[in-house]
Amino acid sequence: MFPLEYNDDEVNRFHPEFLSAANVALENLSLGDTHEWIHHDTTADGGIPDFVLVNSQSGRYALIVEIKKSIQAVHSLNYQYQAYNYARDNGPRYVPLRPHYTLITNLEETILFAYRPDSSTPLTSRVRNQTYHHGSFYST
């Protein structure tokens, strides 16, 4: 389906591209039998995240993923708070005493957070090295 365009529909274009790559990653990591992606988990608290990686045996969240269309949206503090709050609001659904991982991405660039109750903002919850550059829609 690539290349993606910034004006493509987020749900109808970006979400399927993410899910396709994410399912391949699960298989490559030999996690396909134990984990699954849930698209628009309507049982989530505090809003409906785009994707949730769930341990299919325990039902516990491993990762929340929020998809945006542009790099600017990924770096928007408002959208970072949206992703951060999904992890905060769904804390009981993660494995107890482990960070609540969430990320925001436009499939070119990704910021990963590890929400902990003692962290107060997305900026203080970023995982070391914070941002991952995957390339450009037009060149890769």
Side-chain angles (χ1 to χ4, degrees):
M1 282 182 108
F2 270 108
L4 288 173
E5 302 276 343
Y6 295 114
N7 61 352
D8 285 343
D9 183 77
E10 187 175 298
V11 173
N12 292 318
R13 285 284 286 126
F14 280 68
H15 288 198
E17 289 294 343
F18 170 81
L19 185 58
S20 176
N23 281 329
V24 168
L26 285 182
E27 292 305 318
N28 288 345
L29 295 168
S30 300
L31 295 174
D33 293 335
T34 59
H35 289 75
E36 64 182 317
W37 290 103
I38 298 175
H39 184 229
H40 290 150
D41 183 3
T42 58
T43 68
D45 292 323
I48 300 173
D50 289 334
F51 288 93
V52 179
L53 179 60
V54 177
N55 181 307
S56 47
Q57 297 166 348
S58 70
R60 296 283 187 174
Y61 282 12
L63 175 67
I64 291 176
V65 176
E66 187 61 22
I67 309 286
K68 299 298 175 196
K69 294 195 303 184
S70 70
I71 291 173
Q72 293 81 5
V74 170
H75 288 278
S76 160
L77 196 53
N78 287 337
Y79 287 133
Q80 289 180 26
Y81 264 104
Q82 176 188 21
Y84 171 88
N85 288 339
Y86 287 149
R88 182 198 66 201
D89 295 344
N90 289 283
R93 301 188 77 174
Y94 285 85
V95 175
L97 304 175
R98 289 201 182 157
H100 310 156
Y101 290 104
T102 185
L103 64 82
I104 185 169
T105 185
N106 79 322
L107 309 180
E108 288 178 307
E109 192 154 308
T110 299
I111 300 175
L112 178 64
F113 306 93
Y115 172 80
R116 294 170 304 281
D118 63 338
S119 46
S120 58
T121 71
L123 298 175
T124 60
S125 298
R126 287 186 180 182
V127 172
R128 185 180 300 198
N129 296 328
Q130 306 173 6
T131 304
Y132 303 90
H133 303 280
H134 308 291
S136 166
F137 293 152
Y138 301 108
S139 65
T140 55

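Treat the numbers as computed from the prediction; the structure is a model and nothing was measured.
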Heavy atoms of other groups near N7 CG, more than 12 under 6.0 Å: yes

Side chain to side chain contact (heavy atoms under 4.5 Å, CB included) partner of P122, the single match among Y79, F113, Y115: F113

Flag, side chain of T110 to backbone of T105, donor-acceptor distance under 3.5 Å: no

Backbone N/O of N90 and side chain of D45: donor-acceptor pair under 3.5 Å: no

Results of side-chain hydrogen bond (donor to acceptor under 3.5 Å, both in side chains) for H39 - residues two or more places apart only: H15

Mind listing the closest non-hydrogen atom pair of [X] and [Y] along with its distance?
X	Y	answer
H35	A62	CD2-CB, 4.5 Å
I67	E10	O-OE2, 3.0 Å
V74	N106	CG2-N, 3.4 Å
Y86	G46	CE2-O, 3.7 Å

Nearest 0.5 Å please: distance from the [atom1] atom of [X] over to the [atom2] atom of [Y].
X	Y	atom1	atom2	value
I111	Q80	CD1	CD	4.5 Å
S125	L112	OG	CG	10.5 Å
Y84	R126	OH	CZ	12.5 Å

Residues which pass salt bridge (Lys or Arg N to Asp or Glu O under 4.0 Å) with R93, listed by chain and number, not counting sequence neighbours: D41

Identify every side-chain donor-acceptor pair in residues 52-60 under 3.5 Å, counting partners at least two apart or on other chains, and give the distances.
unit_1	atom_1	unit_2	atom_2	d
N55	OD1	Q57	N	2.8
N55	OD1	S58	N	3.0
S56	OG	T34	O	2.9
S58	OG	R60	N	3.1
R60	NH1	P92	O	2.6
R60	NH1	Y94	O	2.9

Pairwise side-chain contact, V127 with L103, heavy-atom cut-off 4.5 Å (strictly under): no

Side-chain heavy-atom pair W37, L63 within 4.5 angstrom cut-off: yes

Test side chain to side chain contact (heavy atoms under 4.5 Å, CB included) applied to I104 and Q82, step by step: CA-CA 9 Å; I104 185 169; Q82 176 188 21; 5.7 Å; no

All side-chain contact (heavy atoms from CB on, under 4.5 Å) counterparts of [X], not counting sequence neighbours:
X	result
D8	L4, E5, R13, F14
T42	I48
S70	Y6, Q72, A73

Stepwise side chain to side chain contact (heavy atoms under 4.5 Å, CB included) test for T102 and R88: CA-CA 10 Å; T102 185; R88 182 198 66 201; over 6 Å; no

Set of residues satisfying ring-ring contact (aromatic ring centres under 6.0 Å, His included) with respect to Y101, sequence neighbours excluded: none

Donor-acceptor contacts, no H, no angles, side chain residues 20-32, under 3.5 Å, sequence neighbours left out:
unit_1	atom_1	unit_2	atom_2	d
N23	ND2	L19	O	3.3

